Amino acid sequence: MTTTKNRKSFLKTGSAIAMACALGSVTLANSAHAQESSWSPSQQVSMVVPFKPGGGSDTFGRAATSGMEEVRNNIDISVQNIVGGSGAVGYSTLLQRQDNPHYLLASETGAAIILPLMNDVPYSWEKLTPIAEVAEDHTMIIVANESPYKSISDLVDAAKESQVNIAISGKGSPASLAFKLIEKDQDVSFNRVVFESGSANNAALLGGDVAAAGANPGEAIELIKASKVRALTIFKETRFQKSPLADIPTIAEAGIDVDVTPTLQFRGIIAAPGLSEAQKTYWENAIKAWSKTESYKTYIDNNYLTPKIRTGDEFAEFLAKQHNTISPLLKDTD
């Protein structure tokens, strides 16, 4: 009898615990849902693109705008190209929208990290609100197809013997930092020739004015497909999986042991200063939801990017790491 009684008591207690756990789970789920839905945009949202229409930042800003509108009903986001100061004007505009969650910015490494390190501008990424990283672009070292250099080792060996001219798009560009990492690891020096754009770099390379150039996949893909240029290496932790980029060795496979973080060009969303946790959560979750759609996959594939979703504190930690790895390289670059 005692055994039966204890068993009934145990079952009763177990049922009560199970019910409490179930109710607790529901409460937690409802709490999370409440946090997510406790704020939503109450007016039109502005997606600031700090560069001219047609470039990588503009393409990203418009893709992210369409993507978030796709996964969040009843929001309206307009793209505003606020141009000037190599991106500084757009970022400074965002800085002036303190506590306003209806302003976002299409961000990337150059204007977010490098520009404040090189110039006296009123903003820095720490003064704004990091929302999410969406993708990463990678730096390649390319040569003309008929170049005698078949590997990075060949290019390094040539630089040890004589001057080797390389094309970059500015002192603080990811390509310039990529060459600096090679120089430091291999104890060589390249002669930098600065051009205004990736297309100008490519023209100089094809014209024989430089031996090599830095480029991201989107800038060089058509030339690679046309067998006009070859990539010696890519600053990426793993190879691309799809042709025609799958055959490009990573910088580690090329025998050069460096941290690729300074050479990454991230694409991400930054918001105005002073957002509440609920406001940040709304935008973070909108980006996460977009990352699960076909339109996100199309954006990544069409632009030869690597999908990379980091939100909130994780994104802020990545920005701090980029800042800390790029800063000494800029100080050590002529």
Side-chain angles (χ1 to χ4, degrees), residues 86 108-110 112-119 136-144 147-198 200-217 219-220 229-239 245 248-266 318 320-334:
S86 298
E108 44 74 49
T109 303
I113 304 291
I114 297 172
L115 191 61
L117 284 171
M118 296 180 63
N119 298 277
E136 288 177 348
D137 214 348
H138 303 277
T139 299
M140 303 186 302
I141 306 299
I142 60 174
V143 296
S147 169
Y149 307 123
K150 305 300 182 185
S151 67
I152 279 293
S153 296
D154 291 344
L155 194 68
V156 167
D157 289 343
K160 290 178 179 178
E161 299 296 328
S162 60
Q163 177 175 296
V164 173
N165 295 329
I166 54 100
I168 60 170
S169 301
K171 172 184 173 181
S173 66
S176 180
L177 299 178
F179 279 110
K180 173 53 64 177
L181 289 172
I182 294 173
E183 289 172 328
K184 290 173 71 69
D185 185 77
Q186 298 293 305
D187 193 26
V188 295
S189 179
F190 297 104
N191 182 52
R192 288 164 169 74
V193 183
V194 180
F195 295 92
E196 293 184 358
S197 66
N201 288 349
N202 292 341
L205 184 66
L206 294 175
D209 299 320
V210 295
N216 62 46
E219 291 172 329
V229 305
R230 291 182 285 107
L232 300 181
T233 189
I234 187 165
F235 282 73
K236 191 173 183 291
E237 292 180 352
T238 59
R239 289 195 185 199
L245 303 180
I248 303 170
T250 66
I251 190 68
E253 290 175 325
I256 298 177
D257 183 20
V258 296
D259 181 0
V260 301
T261 303
T263 69
L264 296 176
Q265 180 85 314
F266 77 83
F318 169 76
K321 183 179 181 182
Q322 269 218 317
H323 178 107
N324 293 336
T325 55
I326 288 173
S327 180
L329 292 175
L330 289 177
K331 293 174 183 177
D332 196 27
T333 303
D334 295 330

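Because the structure is predicted, anything quoted here is derived from the model rather than measured.
Nearest heavy-atom pair, F179 versus G214, reported as atom, atom and distance to 0.1 Å: CE1-N, 3.9 Å. A pairwise comparison of heavy atoms in A158 and V164 identifies C-CG2, 3.8 Å as the closest pair. The two residues A175 and T139 have their closest heavy-atom pair at CA-CG2, 3.8 Å. Taking each heavy atom of L115 and S86 in turn, the nearest pair found is CD2-O, 3.6 Å. When all heavy atoms of A212 and I141 are compared, the closest pair comes out as CB-CG2, 4.2 Å. Pairing each heavy atom of V143 with each of A211, the nearest pair is CG1-O, 3.4 Å.
Distance alone, capped at 3.5 Å, is enough to place a donor-acceptor pair between the T109 side chain and the F266 backbone. The main-chain N or O of V260 is found under 3.5 Å from a side-chain atom of T263 such that the two form a donor-acceptor pair. In this structure a side-chain-to-backbone donor-acceptor pair under 3.5 Å is present from N324 to A320. At least one donor-acceptor pair under 3.5 Å links the side chain of E183 to the backbone N or O of F190. Distance alone, capped at 3.5 Å, places no donor-acceptor pair between the R239 side chain and the I234 backbone.
Expressed to the nearest 0.5 Å, how far OG1 of T233 lies from CD1 of I256 amounts to 7.0 Å. Going from atom OG of S147 over to atom CG of D154 covers 8.5 Å, rounded to the nearest 0.5 Å. Here the straight-line distance linking atom CD of E253 with atom OG1 of T238 works out to 9.0 Å at 0.5 Å rounding. We find the NZ-OG distance between K180 and S189 to be 6.5 Å, quoted to the nearest 0.5 Å. To the nearest 0.5 Å, atom NZ of residue K236 and atom CG of residue L264 are 10.0 Å apart. For the atom pair CG of D137 and CD of E219, the computed distance is 7.5 Å after rounding to the nearest 0.5 Å.
More than 12 heavy atoms of other residues, nucleotides or ligands sit less than 6.0 Å from atom NZ of K150.
Annotation: side chain of N201 is not in contact with side chain of I142 (no heavy-atom distance under 4.5 Å). Taking 4.5 Å as the limit, every side-chain heavy atom of V193 sits out of range of all side-chain heavy atoms of D209. Under the 4.5 Å side-chain criterion, counting only non-hydrogen atoms from C-beta, I166 is not in contact with V210. I248 has its side chain within reach of M140: a pair of non-hydrogen atoms, C-beta onward, lies under 4.5 Å apart. In this structure, L177 and I114 have side chains that are in contact, with non-hydrogen atoms separated by less than 4.5 Å.
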Using the side chain to side chain contact (heavy atoms under 4.5 Å, CB included) rule, take H138 and N216 through it: C-alpha gap first, then chi angles, then the decisive distance, then the call. CA-CA 6 Å; H138 303 277; N216 62 46; over 6 Å; no
Pair F235-I182, side chain to side chain contact (heavy atoms under 4.5 Å, CB included): steps then yes or no: CA-CA 11 Å; F235 282 73; I182 294 173; 3.9 Å; yes
